[in-house]
Peer 1: 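A single structure is presented below for examination.
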Amino acid sequence: MHSRLRSLAAWAVGAVVAVSWPAAAPASAVSAVPDSAGRGSSAGIWAASIEGVHGVAPDATVRQIARASVSGAGLRVRLGNPAGSAPVVIKDAWIGRPAAQGSARLVPGSNRRLTFHGARSVTIQPGREVLSDAAPISVDAQEDVAVSLYAPGSPINDHTFPPFDFDPPAQYIGTGGDTAADPSDATFPNHPITPAGGTGAGYHPGQTWWMDLIVAERPAARGTLVTLGDSITDGYQAIGPPGQRWTDVLAERLNELPPSVRLAVANAGISGNTVSVQPNPYDPTGQCCGVPAPQRLERDVLSVPGVKTVFLLEGTNDIGGGTNAPPASATQVIDAMRGIAARVHAAHLRIVGATILPMGNPPGSDKENTRLAVNAWIRTSGTFDAVVDFDAALRDPANPTSMIPDLQHDNYHPNAAGDLLLGEAIPLRAIVG
């Protein structure tokens, strides 16, 4: 396993080794990378697509932790109510820098009030989102920001990530009342609340409410890569050493490029998501796994400030099916991917397609034949501006319908080592163009 990791990492680095670029700059030196007209351009530097509504918020403040993919200054926060049937009323909102990674305690003097067109509170109607005014705060690449929100009684539009112990994304739910302005952690207990979900006071690994995007007005990047995917992109079971999603590994690699080339990474993965418009295979309520990719493309991808490239890795849940939906045909999956690519190209953006990972289905079975047909189309159709062959990277040579045993958690998902390999196996030229 280790030799294969090293060899693929070397191959990935080889894709850019002939190019010499200057070193990255810290946030203290950040200035916006100008576009072709010489103007500064904002960019999404973190994302968490909302999957559904689960209950109402308690009378307590939530302090959410997000990790920036690139350095940036002048931070704005997007809050959404896409799945709610009642308004979300944000009564107080602040943004600061944690004193340590994953901590609820903030650096003294760093906590800044968020405003919305100058107002300290904002009401978000069902199906809408709001973007805050820019706050006078900066962040370094791979460092955390903390967004504190007080919205008692509001419908909880959430994203539940696979939990990482004291590593974002995550949130602390306070003991009660509005404590958003307080930089201390006195009202934010740090005992973990697991499994993910719930509204009790404490640390909730892998859980965020309402916040689906952080934007830097002055990013140390020329734009954003948005990764549109399902649980593999969401990072399911990418725990244990090294404990990163493949998108986080890729973000670290992209950050080694100069700002004039670099892209920030906004992760739009939702566990259980489908690439085609159909009933969700796992959830008849439609609240677990986000709406299908074509229906969330505008909100989660095309509306992200600074988006330059889209990375599409979906189809596993369509092909696998479940109790609520039968397995999809190759035509259904291909048509959905073709439609997404056409909309991305219509927006004058680049799209990269990834092949579907082995799913552990028997050779010759309908599901395996469907996967093979979709992958053949991804590789050869010319629909995508570039193709990354994740299937080839992780499939077991001795059993090509499955992933390499040391690199998989289960039939559908890589483990942490598998995610590391995927993140290192992507040629950076495929992403930046």
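Keep in mind that this is a model prediction, so the values were computed, not measured.
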Peer 1: Taking it one step at a time, do L421 and L394 satisfy side-chain contact (heavy atoms from CB on, under 4.5 Å)?
Peer 2: CA-CA 8 Å; L421 187 147; L394 284 194; 3.7 Å; yes

Peer 1: Got a donor-acceptor contact below 3.5 angstrom from the N273 side chain to the D230 backbone?
Peer 2: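 Pair absent, no side-chain N/O of N273 close to backbone of D230.
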
Peer 1: Would you indicate whether the side-chain heavy atoms of E256 and L428 approach each other to under 4.5 Å?
Peer 2: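 A side-chain contact under 4.5 Å is absent here.
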
Peer 1: Are the side chains of L407 and P414 in touch, meaning some heavy atoms are under 4.5 Å apart?
Peer 2: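 Not in contact.
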
Peer 1: Checking side-chain contact (heavy atoms from CB on, under 4.5 Å) for the pair I90/V130: CA distance, chi angles, key distance, verdict?
Peer 2: CA-CA 11 Å; I90 305 293; V130 297; over 6 Å; no

Peer 1: If you define the side chain from C-beta out and look only at heavy atoms, does anything of V249 sit under 4.5 Å from E424?
Peer 2: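 Side-chain contact under 4.5 Å: yes.
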
Peer 1: Please examine the side chains of I173 and Q207, heavy atoms only from C-beta on, and report whether any two atoms are closer than 4.5 Å.
Peer 2: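 Yes, close enough: below the 4.5 Å cut-off.
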
Peer 1: Keeping the roles fixed (side chain from S154, backbone from V89), state whether a donor-acceptor pair exists under 3.5 Å.
Peer 2: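 Such a contact is found between S154 side chain and V89 backbone.
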
Peer 1: If you take all heavy atoms of I124 and N81, which pair is closest and at what distance?
Peer 2: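 Taking every non-hydrogen atom into account, O-ND2, 3.1 Å.
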
Peer 1: What heavy-atom pair brings C288 and D283 nearest, and what distance separates the two atoms?
Peer 2: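 Nearest pair, atom of C288 first, then D283: N-OD2, 2.8 Å.
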
Peer 1: Please give me the minimum heavy-atom distance between A216 and P219, naming the atom from each residue.
Peer 2: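 The pair with the smallest heavy-atom distance is O-CD, 3.4 Å.
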
Peer 1: What are the two closest non-hydrogen atoms of V265 and T227, and how far apart are they?
Peer 2: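 Here V265 and T227 meet closest at CG1-CG2, 4.5 Å.
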
Peer 1: So, for T233 and R245, which heavy atoms are closest and what is the spacing to 0.1 Å?
Peer 2: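 Smallest interatomic distance, heavy atoms only, reads O-CD, 4.0 Å.
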
Peer 1: Out of D389, D391, N375, which one pairs with T355 under the side chain to side chain donor-acceptor pair (under 3.5 Å) rule?
Peer 2: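 For T355, the side chain to side chain donor-acceptor pair (under 3.5 Å) test succeeds with only one of D389, D391, N375, which is D389.
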
Peer 1: Using modelled atom types only, decide if a donor and an acceptor are shared between the side chain of D385 and the backbone of I351 within a distance under 3.5 Å.
Peer 2: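 Indeed, once roles are kept as given, a pair shorter than 3.5 Å links the two residues.
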
Peer 1: Check this for me, if you would: do R371 and E368 make a salt bridge, where the nitrogen-to-carboxylate-oxygen distance has to be below 4.0 angstrom?
Peer 2: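 Yes, charged N to carboxylate O under 4.0 Å.
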
Peer 1: Kindly give the heavy-atom pair with the smallest separation between R97 and S110, and that separation in Å.
Peer 2: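 For R97 and S110, the tightest heavy-atom pair comes out as N-OG, 3.1 Å.
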
Peer 1: Hey, does the side chain of N415 reach the backbone of A417 with a donor-acceptor pair shorter than 3.5 angstrom?
Peer 2: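 Checking the backbone N and O of A417 against the side chain of N415, a donor-acceptor pair under 3.5 Å is found.
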
Peer 1: Using ring centroids (six-membered ring only for Trp), state whether F311 and F390 fall under 6.0 Å.
Peer 2: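 F390 vs F311: aromatic centres under 6.0 Å.
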
Peer 1: Evaluate the side-chain contact (heavy atoms from CB on, under 4.5 Å) criterion for residues M211 and Q171: first the C-alpha distance (whole Å), next the side-chain angles of each, then the deciding distance (0.1 Å), finally the verdict.
Peer 2: CA-CA 11 Å; M211 179 176 71; Q171 73 178 11; over 6 Å; no

Peer 1: CG of D366: more than 12 outside heavy atoms within 6.0 angstrom?
Peer 2: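 No, not enclosed.
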
Peer 1: Checking the side chain of T115 only, and the main-chain atoms of D133 only, is there a donor and an acceptor separated by less than 3.5 Å?
Peer 2: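 Flag not set: sc T115 to bb D133 has no pair under 3.5 Å.
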
Peer 1: So, do R338 and D335 sit near enough that their side-chain heavy atoms are less than 4.5 Å apart?
Peer 2: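 Result yes, sub-4.5 Å side-chain heavy-atom pair found.
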
Peer 1: Tell me if a side-chain donor or acceptor on S276 pairs with a main-chain N or O of Q278 at a distance below 3.5 Å.
Peer 2: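 Pair absent, no side-chain N/O of S276 close to backbone of Q278.
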
Peer 1: Is any side-chain heavy atom of Y412 closer than 4.5 Å to one of I232?
Peer 2: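 Not in contact.
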
Peer 1: What I'd like to find out is whether the side chain of V62 reaches to under 4.5 Å of the side chain of W210, using heavy atoms alone.
Peer 2: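 A side-chain contact under 4.5 Å exists here.
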
Peer 1: Considering only heavy atoms from C-beta outward, does the side chain of F188 approach that of D182 to under 4.5 Å?
Peer 2: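 The answer is no, as the side chains (C-beta and beyond) never meet within the 4.5 Å cut-off.
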
Peer 1: Taking atom types as modelled, find out whether D396 and S402 have a side-chain donor-acceptor pair closer than 3.5 angstrom.
Peer 2: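 Side-chain D/A pair, D396 to S402: absent.
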
Peer 1: Between the main-chain N or O of E298 and the side-chain N or O of S303, is there a donor-acceptor pair closer than 3.5 Å?
Peer 2: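 Such a contact is found between S303 side chain and E298 backbone.
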
Peer 1: Here's a test for you: under side chain to side chain contact (heavy atoms under 4.5 Å, CB included), which of L228, V374, I319, V333 qualifies with V275?
Peer 2: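 Output: one option passes, namely V333.
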
Peer 1: Not counting sequence neighbours, list each pair that qualifies as a salt bridge (charged side-chain N to carboxylate O under 4.0 Å, His left out) and has a residue in residues 71-92.
Peer 2: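 Every salt bridge (charged side-chain N to carboxylate O under 4.0 Å, His left out) pair that includes a residue of residues 71-92, provided the two are not neighbours, is R76-E217, R78-D212, D92-R113.
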
Peer 1: Given Q287 and T285, is the side chain to side chain donor-acceptor pair (under 3.5 Å) satisfied, shown in steps?
Peer 2: CA-CA 5 Å; Q287 298 299 320; T285 72; 5.7 Å; no

